[in-house]
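Sequence lines set the chain letters: A, B, ... in the order given, protein chains first and strands last, and positions in each chain run from 1.
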Amino acid sequence: MPELPEVETVVRGLQTVLPGRRILAVRLDKTDFIENPEAIEEELPGSRIIAVRRYGKFLVFDLESPKGNSRAAALLIHLGMTGKLITHPAGAPVVPHTHVFFSLDDGRELRYTDIRRFGSIRFLPESTSSSALGKLGLDPLEATQTEFLAQLHGRRARIKALLLDQTVFRGMGNIYADESLWRARIHPARLATNLREDQLHRLYGSVQHILNEAIRLKGSSISDYVDSEGKRGEFQLRHRVYQRKGEKCFRCGSAIGRVIIAGRSSYFCPRCQRSPRARGVKRPASSTRTKSR
DNA sequence: CTTACGGCCTGGGTGC
DNA sequence: TGCACCCAGGCCGTAA
(Lines give C-alpha, C1' and ligand atoms only; values in the text may rest on other atoms or scores of the structure.)
Protein backbone atom coordinates (compact mmCIF):
# COMPACT_ATOMS: atom_id res chain seq x y z
CA MET A 1 0.00 0.00 0.00
CA PRO A 2 1.72 3.13 -1.12
CA GLU A 3 1.75 5.70 1.66
CA LEU A 4 4.19 8.54 2.19
CA PRO A 5 7.40 6.43 2.44
CA GLU A 6 6.51 4.28 -0.55
CA VAL A 7 5.60 7.27 -2.72
CA GLU A 8 8.79 9.03 -1.57
CA THR A 9 10.79 5.96 -2.60
CA VAL A 10 9.17 5.83 -6.02
CA VAL A 11 9.73 9.57 -6.48
CA ARG A 12 13.42 9.32 -5.56
CA GLY A 13 13.83 6.50 -8.04
CA LEU A 14 12.12 8.39 -10.82
CA GLN A 15 14.12 11.53 -10.06
CA THR A 16 17.23 9.72 -11.27
CA VAL A 17 15.78 8.99 -14.70
CA LEU A 18 12.89 11.30 -15.60
CA PRO A 19 13.95 14.94 -15.27
CA GLY A 20 14.98 16.26 -18.67
CA ARG A 21 13.34 13.40 -20.53
CA ARG A 22 10.83 14.14 -23.25
CA ILE A 23 7.68 12.07 -23.58
CA LEU A 24 7.49 10.90 -27.17
CA ALA A 25 4.24 8.98 -27.12
CA VAL A 26 1.45 7.97 -24.80
CA ARG A 27 -0.65 4.84 -24.97
CA LEU A 28 -3.67 4.40 -22.76
CA ASP A 29 -5.44 1.10 -22.24
CA LYS A 30 -8.12 1.25 -19.55
CA THR A 31 -8.95 4.87 -18.73
CA ASP A 32 -11.73 4.72 -16.13
CA PHE A 33 -9.30 5.85 -13.41
CA ILE A 34 -7.97 8.75 -15.49
CA GLU A 35 -9.79 12.01 -15.03
CA ASN A 36 -9.08 13.52 -18.45
CA PRO A 37 -7.59 10.89 -20.80
CA GLU A 38 -8.19 13.05 -23.88
CA ALA A 39 -6.07 15.84 -22.42
CA ILE A 40 -3.29 13.37 -21.67
CA GLU A 41 -3.26 11.98 -25.19
CA GLU A 42 -3.40 15.50 -26.56
CA GLU A 43 -0.93 17.38 -24.39
CA LEU A 44 1.69 14.91 -23.17
CA PRO A 45 3.41 13.81 -26.38
CA GLY A 46 6.31 16.15 -26.99
CA SER A 47 6.38 17.66 -23.53
CA ARG A 48 9.40 17.48 -21.30
CA ILE A 49 9.46 16.36 -17.69
CA ILE A 50 11.08 19.13 -15.66
CA ALA A 51 10.82 17.64 -12.19
CA VAL A 52 9.30 14.82 -10.19
CA ARG A 53 7.93 15.59 -6.75
CA ARG A 54 5.86 14.04 -3.98
CA TYR A 55 2.91 15.91 -2.55
CA GLY A 56 1.29 13.85 0.17
CA LYS A 57 0.63 10.52 -1.51
CA PHE A 58 0.56 12.13 -4.96
CA LEU A 59 3.37 12.02 -7.47
CA VAL A 60 3.67 15.23 -9.44
CA PHE A 61 5.43 15.45 -12.79
CA ASP A 62 6.10 19.07 -13.67
CA LEU A 63 5.93 19.46 -17.42
CA GLU A 64 7.21 21.88 -20.01
CA SER A 65 4.91 22.07 -22.96
CA PRO A 66 6.34 21.64 -26.48
CA LYS A 67 4.28 24.59 -27.66
CA GLY A 68 6.52 26.88 -25.73
CA ASN A 69 3.78 28.43 -23.72
CA SER A 70 5.08 28.80 -20.24
CA ARG A 71 1.96 27.64 -18.46
CA ALA A 72 3.10 25.18 -15.87
CA ALA A 73 1.33 21.96 -16.69
CA ALA A 74 1.64 18.89 -14.51
CA LEU A 75 0.68 15.27 -14.34
CA LEU A 76 -0.77 14.07 -11.06
CA ILE A 77 -0.58 10.39 -10.19
CA HIS A 78 -2.00 8.64 -7.14
CA LEU A 79 -1.03 5.00 -6.73
CA GLY A 80 -4.10 4.03 -4.71
CA MET A 81 -3.59 0.58 -3.26
CA THR A 82 -1.99 -1.39 -6.03
CA GLY A 83 -0.62 1.22 -8.42
CA LYS A 84 2.94 0.80 -9.68
CA LEU A 85 5.05 3.15 -11.74
CA ILE A 86 8.03 1.36 -13.22
CA THR A 87 10.53 2.18 -15.94
CA HIS A 88 11.18 -0.60 -18.43
CA PRO A 89 13.51 -1.02 -21.36
CA ALA A 90 11.52 -0.57 -24.55
CA GLY A 91 9.98 -3.84 -25.60
CA ALA A 92 10.08 -5.45 -22.18
CA PRO A 93 7.27 -7.94 -21.56
CA VAL A 94 4.07 -6.25 -20.41
CA VAL A 95 2.72 -7.49 -17.11
CA PRO A 96 -1.06 -7.85 -16.68
CA HIS A 97 -3.08 -4.80 -15.58
CA THR A 98 -0.70 -2.35 -17.24
CA HIS A 99 -2.89 0.52 -18.38
CA VAL A 100 -0.62 3.42 -19.29
CA PHE A 101 2.60 3.57 -21.33
CA PHE A 102 4.83 6.63 -21.68
CA SER A 103 7.55 6.30 -24.31
CA LEU A 104 10.60 8.37 -23.34
CA ASP A 105 13.27 9.88 -25.55
CA ASP A 106 15.99 7.69 -24.05
CA GLY A 107 14.33 4.54 -25.32
CA ARG A 108 12.83 3.65 -21.98
CA GLU A 109 9.16 3.25 -21.24
CA LEU A 110 7.43 4.36 -18.06
CA ARG A 111 4.45 2.14 -17.35
CA TYR A 112 1.57 2.41 -14.92
CA THR A 113 0.21 -0.89 -13.64
CA ASP A 114 -2.73 -1.07 -11.26
CA ILE A 115 -4.62 -4.26 -10.47
CA ARG A 116 -7.50 -2.65 -8.55
CA ARG A 117 -7.47 0.70 -10.33
CA PHE A 118 -8.02 2.53 -7.04
CA GLY A 119 -5.29 4.87 -8.19
CA SER A 120 -5.88 7.94 -10.32
CA ILE A 121 -4.17 10.01 -12.97
CA ARG A 122 -4.99 13.58 -13.83
CA PHE A 123 -3.51 16.11 -16.22
CA LEU A 124 -3.38 19.63 -14.80
CA PRO A 125 -3.11 22.16 -17.62
CA GLU A 126 -2.51 25.16 -15.42
CA SER A 127 -0.78 25.44 -12.11
CA THR A 128 -0.33 22.61 -9.66
CA SER A 129 -1.34 24.75 -6.74
CA SER A 130 -4.95 24.32 -7.78
CA SER A 131 -7.92 22.34 -6.61
CA ALA A 132 -6.98 18.81 -5.74
CA LEU A 133 -3.73 19.49 -3.92
CA GLY A 134 -4.97 22.68 -2.30
CA LYS A 135 -7.06 20.94 0.32
CA LEU A 136 -4.29 18.73 1.62
CA GLY A 137 -2.83 19.35 5.05
CA LEU A 138 0.70 19.50 6.46
CA ASP A 139 3.45 17.23 5.28
CA PRO A 140 4.28 15.41 8.53
CA LEU A 141 7.99 15.34 7.71
CA GLU A 142 8.14 19.05 6.93
CA ALA A 143 6.06 20.15 9.91
CA THR A 144 7.74 21.54 12.99
CA GLN A 145 6.59 20.24 16.35
CA THR A 146 4.69 23.48 16.90
CA GLU A 147 2.87 23.16 13.60
CA PHE A 148 2.12 19.51 14.28
CA LEU A 149 0.60 20.29 17.67
CA ALA A 150 -1.39 23.21 16.28
CA GLN A 151 -2.93 20.94 13.67
CA LEU A 152 -4.32 18.67 16.39
CA HIS A 153 -5.17 21.33 18.95
CA GLY A 154 -8.72 21.16 20.20
CA ARG A 155 -9.76 18.44 17.78
CA ARG A 156 -12.33 16.12 19.30
CA ALA A 157 -11.89 13.39 16.72
CA ARG A 158 -10.02 10.20 17.48
CA ILE A 159 -6.30 10.59 16.94
CA LYS A 160 -6.12 7.73 14.45
CA ALA A 161 -8.85 9.32 12.33
CA LEU A 162 -6.97 12.61 12.30
CA LEU A 163 -3.69 10.95 11.31
CA LEU A 164 -5.49 9.34 8.37
CA ASP A 165 -7.24 12.56 7.34
CA GLN A 166 -5.31 13.90 4.35
CA THR A 167 -6.58 17.41 4.98
CA VAL A 168 -4.85 17.30 8.37
CA PHE A 169 -1.60 15.57 7.42
CA ARG A 170 -0.94 14.71 3.82
CA GLY A 171 0.72 11.37 3.21
CA MET A 172 0.01 9.47 6.42
CA GLY A 173 -1.71 6.13 5.92
CA ASN A 174 -2.90 3.17 7.91
CA ILE A 175 0.42 1.40 8.39
CA TYR A 176 2.40 4.41 9.58
CA ALA A 177 -0.42 5.78 11.72
CA ASP A 178 -0.61 2.49 13.64
CA GLU A 179 3.15 2.11 13.91
CA SER A 180 3.56 5.71 15.10
CA LEU A 181 0.80 5.39 17.71
CA TRP A 182 2.32 2.17 19.04
CA ARG A 183 5.73 3.80 19.33
CA ALA A 184 4.19 6.79 21.10
CA ARG A 185 2.11 4.47 23.35
CA ILE A 186 -1.14 6.19 22.44
CA HIS A 187 -4.38 4.30 21.86
CA PRO A 188 -5.78 4.99 18.38
CA ALA A 189 -9.24 5.82 19.77
CA ARG A 190 -8.02 8.59 22.09
CA LEU A 191 -9.52 11.97 21.26
CA ALA A 192 -6.78 14.31 20.14
CA THR A 193 -8.00 17.04 22.47
CA ASN A 194 -7.61 14.73 25.47
CA LEU A 195 -3.96 13.94 24.85
CA ARG A 196 -1.42 15.44 27.22
CA GLU A 197 1.30 17.65 25.87
CA ASP A 198 4.01 15.09 26.52
CA GLN A 199 2.01 12.50 24.61
CA LEU A 200 1.66 14.84 21.65
CA HIS A 201 5.38 15.53 21.73
CA ARG A 202 6.03 11.80 21.75
CA LEU A 203 3.63 11.33 18.85
CA TYR A 204 5.38 13.98 16.81
CA GLY A 205 8.74 12.33 17.43
CA SER A 206 7.34 8.90 16.65
CA VAL A 207 5.82 9.99 13.37
CA GLN A 208 9.14 11.53 12.33
CA HIS A 209 11.09 8.46 13.36
CA ILE A 210 8.76 5.92 11.76
CA LEU A 211 8.46 7.77 8.46
CA ASN A 212 12.21 8.39 8.19
CA GLU A 213 13.02 4.78 9.00
CA ALA A 214 10.45 3.57 6.47
CA ILE A 215 11.93 5.80 3.79
CA ARG A 216 15.41 4.55 4.67
CA LEU A 217 14.20 0.98 4.16
CA LYS A 218 12.40 1.94 0.96
CA GLY A 219 8.87 1.39 2.23
CA SER A 220 6.73 -1.56 3.23
CA SER A 221 6.03 -4.30 0.71
CA ILE A 222 2.86 -5.79 2.17
CA SER A 223 0.96 -7.13 -0.76
CA ASP A 224 2.73 -6.15 -3.91
CA TYR A 225 4.27 -2.73 -3.51
CA VAL A 226 7.53 -2.25 -5.40
CA ASP A 227 9.55 0.84 -6.24
CA SER A 228 10.20 2.39 -9.64
CA GLU A 229 12.71 -0.33 -10.45
CA GLY A 230 10.40 -3.12 -9.37
CA LYS A 231 12.23 -3.74 -6.08
CA ARG A 232 10.53 -4.49 -2.77
CA GLY A 233 10.88 -2.42 0.37
CA GLU A 234 11.91 -3.80 3.74
CA PHE A 235 10.06 -1.81 6.37
CA GLN A 236 7.40 -4.55 6.64
CA LEU A 237 10.06 -6.47 8.58
CA ARG A 238 10.00 -3.70 11.21
CA HIS A 239 6.26 -3.55 11.70
CA ARG A 240 5.39 -3.74 15.39
CA VAL A 241 1.60 -3.86 15.22
CA TYR A 242 0.30 -3.57 11.68
CA GLN A 243 -1.40 -6.83 10.67
CA ARG A 244 -0.06 -8.53 13.81
CA LYS A 245 -3.40 -9.21 15.55
CA GLY A 246 -2.98 -11.91 18.19
CA GLU A 247 0.81 -11.83 18.01
CA LYS A 248 2.95 -10.62 20.89
CA CYS A 249 3.73 -6.97 21.48
CA PHE A 250 7.44 -6.36 20.96
CA ARG A 251 7.48 -4.21 24.10
CA CYS A 252 5.36 -6.06 26.66
CA GLY A 253 4.39 -9.39 25.15
CA SER A 254 0.64 -8.77 25.24
CA ALA A 255 -1.46 -9.95 22.32
CA ILE A 256 -1.89 -7.25 19.69
CA GLY A 257 -5.52 -6.20 19.24
CA ARG A 258 -7.50 -4.80 16.37
CA VAL A 259 -10.35 -2.28 16.30
CA ILE A 260 -12.07 -0.43 13.50
CA ILE A 261 -11.53 3.33 13.53
CA ALA A 262 -12.54 5.65 10.74
CA GLY A 263 -13.53 2.53 8.84
CA ARG A 264 -10.01 1.17 8.94
CA SER A 265 -8.38 -1.69 10.81
CA SER A 266 -6.32 -0.30 13.63
CA TYR A 267 -3.75 -2.49 15.32
CA PHE A 268 -2.53 -1.67 18.81
CA CYS A 269 -1.19 -3.14 22.03
CA PRO A 270 -3.94 -3.14 24.66
CA ARG A 271 -1.40 -2.82 27.47
CA CYS A 272 1.07 -0.31 26.04
CA GLN A 273 -1.67 1.82 24.51
CA ARG A 274 -4.34 2.25 27.17
CA SER A 275 -7.84 2.66 25.85
CA PRO A 276 -9.72 5.92 26.51
CA ARG A 277 -12.26 4.04 28.64
CA ALA A 278 -9.60 2.61 30.87
CA ARG A 279 -8.26 5.99 31.83
CA GLY A 280 -10.56 8.96 31.34
CA VAL A 281 -13.68 7.55 32.95
CA LYS A 282 -13.92 7.67 36.69
CA ARG A 283 -15.03 4.40 38.14
CA PRO A 284 -15.75 3.07 41.62
CA ALA A 285 -12.56 2.53 43.56
CA SER A 286 -13.68 -1.02 44.25
CA SER A 287 -13.79 -1.97 40.61
CA THR A 288 -11.20 -4.42 39.48
CA ARG A 289 -8.59 -2.99 37.23
CA THR A 290 -9.95 -4.62 34.17
CA LYS A 291 -8.47 -5.27 30.91
CA SER A 292 -9.89 -5.21 27.50
CA ARG A 293 -13.29 -5.08 25.88
C1' DC B 1 -18.24 23.54 11.13
C1' DT B 2 -16.87 19.04 13.04
C1' DT B 3 -17.29 14.22 13.39
C1' DA B 4 -18.97 9.46 12.36
C1' DC B 5 -20.49 6.20 9.36
C1' DG B 6 -22.08 3.52 5.39
C1' DG B 7 -21.54 2.61 0.65
C1' DC B 8 -19.09 2.37 -3.63
C1' DC B 9 -15.20 1.30 -6.77
C1' DT B 10 -12.10 -3.51 -8.10
C1' DG B 11 -10.19 -8.02 -7.90
C1' DG B 12 -6.99 -11.26 -5.19
C1' DG B 13 -7.15 -14.37 -1.45
C1' DT B 14 -9.65 -17.43 1.42
C1' DG B 15 -12.69 -20.84 2.87
C1' DC B 16 -16.46 -23.84 2.12
C1' DT C 1 -14.07 -26.63 -9.86
C1' DG C 2 -16.93 -22.94 -8.46
C1' DC C 3 -18.42 -19.20 -5.83
C1' DA C 4 -19.78 -16.08 -2.00
C1' DC C 5 -17.50 -13.12 0.92
C1' DC C 6 -14.05 -10.08 2.98
C1' DC C 7 -10.88 -6.48 2.67
C1' DA C 8 -8.04 -2.52 1.20
C1' DG C 9 -7.84 3.56 0.61
C1' DG C 10 -10.11 7.53 -0.89
C1' DC C 11 -14.12 9.90 -1.49
C1' DC C 12 -18.84 11.28 -1.21
C1' DG C 13 -23.40 11.77 0.77
C1' DT C 14 -25.96 11.86 4.94
C1' DA C 15 -26.98 12.53 9.72
C1' DA C 16 -26.26 14.17 14.32
Under 4.0 Å between a side-chain nitrogen and a carboxylate oxygen: does that hold for [X] and [Y]?
X	Y	result
A/Glu213	A/Arg238	yes
A/Asp32	A/Lys30	no
A/Arg22	A/Asp106	no

request  = Find the bend of the helix from B/dT2-C/dA16 to B/dC16-C/dG2 as the angle between its two terminal axes (five pairs each), to the nearest 10°.
outcome  = 40°
Test log, rule salt bridge (charged side-chain N to carboxylate O under 4.0 Å, His left out), inputs A/Arg12 and A/Glu8 = CA-CA 6 Å; A/Arg12 290 184 185 183; A/Glu8 182 67 26; 2.9 Å; yes
request  = Return the orientation label for the A/Phe169 and A/Phe148 ring planes: parallel under 30°, perpendicular over 60°, tilted otherwise.
outcome  = parallel
message = Does A/Arg111 qualify as a cation-pi partner of A/Phe102, given the criterion of NZ or CZ under 6.0 Å from the six-membered ring centre and within 45 degrees of its axis?
response = no
ask   = So is A/Arg244 actually on top of A/Trp182's ring, under 6.0 Å and inside 45° of the axis?
value = no
key: Separation of B/dC1 C1' from A/Asp165 CG (nearest whole Å)   = 13 Å
remark   = note: A/Arg117, atom CZ; B/dC8, atom C1'; distance rounded to Å ~ 14 Å
ask   = Which parts of nucleotides 6-11 of chain C does protein reach within less than 4.0 Å, heavy atoms only, written one letter per nucleotide 5' to 3' as B for base, S for sugar-phosphate only and - for none?
value = --BBB-
For A/Ser221, all residues meeting side chain to side chain donor-acceptor pair (under 3.5 Å), sequence neighbours excluded = none
inquiry  = Using a 4.5 Å cut-off between side-chain heavy atoms of Ile, Leu, Val, Met, Phe, Trp and Tyr, which other residues end up in the same hydrophobic cluster as A/Val94?
reply    = A/Phe101
Could you go over nucleotides 12-14 of chain C and give all protein N or O partners under 3.5 Å, atom names and distances?
none

query = Under the side chain to side chain contact (heavy atoms under 4.5 Å, CB included) test, which residues partner A/Phe118, sequence neighbours left out?
reply = A/Met81, A/Arg116
